[in-house]
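Below: the structure, in structure tokens.
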Amino acid sequence: MSFFIEYFNSIVGALAAIGAVASIYYLIQEMREQNRVARANARQNVADSHQEIALEGMKKSMVKIKLKLRNDEELTLEEDAKYMSYFSIMLRSRENQHYQYSIGMIDKEEWENYKRSFKTLFRSEYHLKLWSFMKNTFNDSFVEVVEELIENDNN
């Protein structure tokens with residue numbers, strides 16, 4: 001009788017071990033899926049933010065300001081203030097992209113693409129002036145990225 005009890009206990013122990021391993025495997029798969037979903041959500045949020053900024057930039061008043069900047073025309077104080085806010089919002093969006101990259105929610109290739117499109121902003125003296133004025137309001141690691149982009153673009 002004790003042989004059957006030991007045998008039964010051994011079977012139950014083996015089944016419990018298999019169940020524990022299966023549970024761990026399931027949890028690992030769930031975590032992978034949740035990470036994949038979180039990364040997709042982060043990417044979508046970045047895309048939504050970019051789209052909102054693009055739409056704001058297409059408004060008639062903003063297009064007028066952009067054309068004046070492109071033609072090296074003087075902005076009024078109101079236009080200057082409006083564009084400074086718009087530029088700041090663009091940079092905050094890029095700062096968020098950098099943060100998403102730094103925590104692993106955006107992969108390196110995607111971040112490099114963002115940086116390539118982003119560095120074109122700093123070919124304008126006006127943008128450099130705005131950046132100089134507001135850069136101390138941004139995260140230090142993001143400032144380093146921007147400063148490196150500016151330095152590499154000027155070489």
Side-chain angles (χ1 to χ4, degrees), residues 16-155:
I18 291 170
V21 169
S23 293
I24 291 170
Y25 176 78
Y26 174 77
L27 288 173
I28 289 171
Q29 294 304 339
E30 275 298 306
M31 288 174 60
R32 284 182 179 158
E33 181 62 19
Q34 287 177 4
N35 188 36
R36 196 173 68 75
V37 168
R39 289 171 58 96
N41 285 337
R43 188 174 187 164
Q44 185 61 50
N45 289 338
V46 166
D48 291 347
S49 172
H50 186 74
Q51 183 177 10
E52 285 178 34
I53 293 166
L55 290 172
E56 181 66 30
M58 294 171 61
K59 289 184 177 177
K60 188 175 182 176
S61 62
M62 192 56 65
V63 170
K64 179 183 171 189
I65 293 170
K66 288 177 179 181
L67 289 172
K68 285 177 92 171
L69 288 171
R70 183 174 288 168
N71 294 327
D72 290 325
E73 295 176 25
E74 191 82 19
L75 298 181
T76 67
L77 290 176
E78 183 180 319
E79 290 170 332
D80 187 57
K82 184 172 184 166
Y83 192 79
M84 186 185 327
S85 294
Y86 176 74
F87 188 70
S88 177
I89 291 168
M90 280 194 298
L91 292 177
R92 289 288 172 210
S93 175
R94 299 302 182 163
E95 183 181 40
N96 180 48
Q97 291 167 355
H98 177 259
Y99 173 73
Q100 296 296 329
Y101 168 69
S102 71
I103 64 169
M105 298 306 281
I106 293 176
D107 61 36
K108 184 173 177 64
E109 182 180 340
E110 189 173 356
W111 171 240
E112 291 300 323
N113 287 336
Y114 289 139
K115 280 188 357 185
R116 269 194 295 281
S117 67
F118 171 43
K119 74 179 183 180
T120 61
L121 286 176
F122 297 104
R123 292 188 178 144
S124 157
E125 288 298 321
Y126 182 72
H127 289 154
L128 289 171
K129 180 182 88 170
L130 290 178
W131 171 248
S132 177
F133 174 73
M134 64 178 66
K135 72 181 177 182
N136 64 339
T137 67
F138 290 88
N139 178 285
D140 290 341
S141 63
F142 178 70
V143 170
E144 288 177 21
V145 168
V146 173
E147 292 293 320
E148 183 179 313
L149 285 173
I150 292 168
E151 183 178 314
N152 289 340
D153 201 45
N154 289 333
N155 291 333

Pairwise distance CG(N96) to CD1(I106) - rounded to 0.5 angstrom: 7.0 Å

L67 CG: over 12 foreign heavy atoms closer than 6.0 Å: yes

Pairs meeting criterion ring-ring contact (aromatic ring centres under 6.0 Å, His included) with involvement of residues 52-77, two or more places apart: none

Contacts of Q29 that satisfy side-chain hydrogen bond (donor to acceptor under 3.5 Å, both in side chains) - sequence neighbours left out: Y25

With E144 via side-chain hydrogen bond (donor to acceptor under 3.5 Å, both in side chains) - residues at least two apart: none

Those residues that, when tested against I28, pass side chain to side chain contact (heavy atoms under 4.5 Å, CB included) (two or more places apart): I24, R32

Salt-bridge present (E74, K68; N to O < 4.0 Å): no

Stepwise side-chain contact (heavy atoms from CB on, under 4.5 Å) test for F133 and M84: CA-CA 10 Å; F133 174 73; M84 186 185 327; 3.6 Å; yes

Side chain to side chain, E147 and W131, heavy atoms closer than 4.5 Å: yes

Side chain proximity check, Q100 to W111, heavy atoms < 4.5 angstrom: no

Over 12 foreign heavy atoms within 6.0 Å of CD, E30: yes

Working for side-chain contact (heavy atoms from CB on, under 4.5 Å), residues L130 and Y86: CA-CA 11 Å; L130 290 178; Y86 176 74; over 6 Å; no

Flag side-chain contact, heavy atom, 4.5 Å: F138 against V146: no

Pairing residues for T137 by the side-chain hydrogen bond (donor to acceptor under 3.5 Å, both in side chains) criterion, not counting sequence neighbours: R92

Between OG on residue S124 and CG on residue D72, distance to nearest 0.5 Å: 8.0 Å

Polar side-chain atom of N139 near backbone of S141 as donor-acceptor pair, under 3.5 Å: yes

Heavy-atom check, side chain of R94 versus side chain of F142, under 4.5 Å: yes

Residues which pass salt bridge (charged side-chain N to carboxylate O under 4.0 Å, His left out) with E52, listed by chain and number, not counting sequence neighbours: none

Distance (rounded to the nearest 0.5 Å) between Q97 CD and N113 CG: 10.5 Å

Under 3.5 Å donor-acceptor, H127 side chain and L121 backbone: yes

Any residue meeting salt bridge (charged side-chain N to carboxylate O under 4.0 Å, His left out) with E112, in chain and number order, not counting sequence neighbours: K108, K115

Student check: side-chain heavy atoms of L91 and M134 closer than 4.5 Å: yes

Pair Y99, E95: side-chain N/O donor-acceptor within cut-off below 3.5 Å: no

Residues that E78 engages under side chain to side chain contact (heavy atoms under 4.5 Å, CB included), provided they are two or more places apart: T76

Report, one line per pair, each donor and acceptor closer than 3.5 Å where one atom sits in a side chain of residues 53-65; sequence neighbours left out.
from: E56; atom 1: OE1; to: K59; atom 2: NZ; distance (Å): 3.0
from: S61; atom 1: OG; to: K82; atom 2: NZ; distance (Å): 2.5

Set of side-chain hydrogen bond (donor to acceptor under 3.5 Å, both in side chains) partners for S88, sequence neighbours left out: none

Which residues share a salt bridge (charged side-chain N to carboxylate O under 4.0 Å, His left out) with K129, sequence neighbours left out: none

Y126: partners by ring pair (Phe, Tyr, Trp, His ring centres under 6.0 Å), with sequence neighbours left out: Y83

Heavy-atom pair with the smallest gap, counting every atom of T120 and S117: OG1-O, 2.8 Å

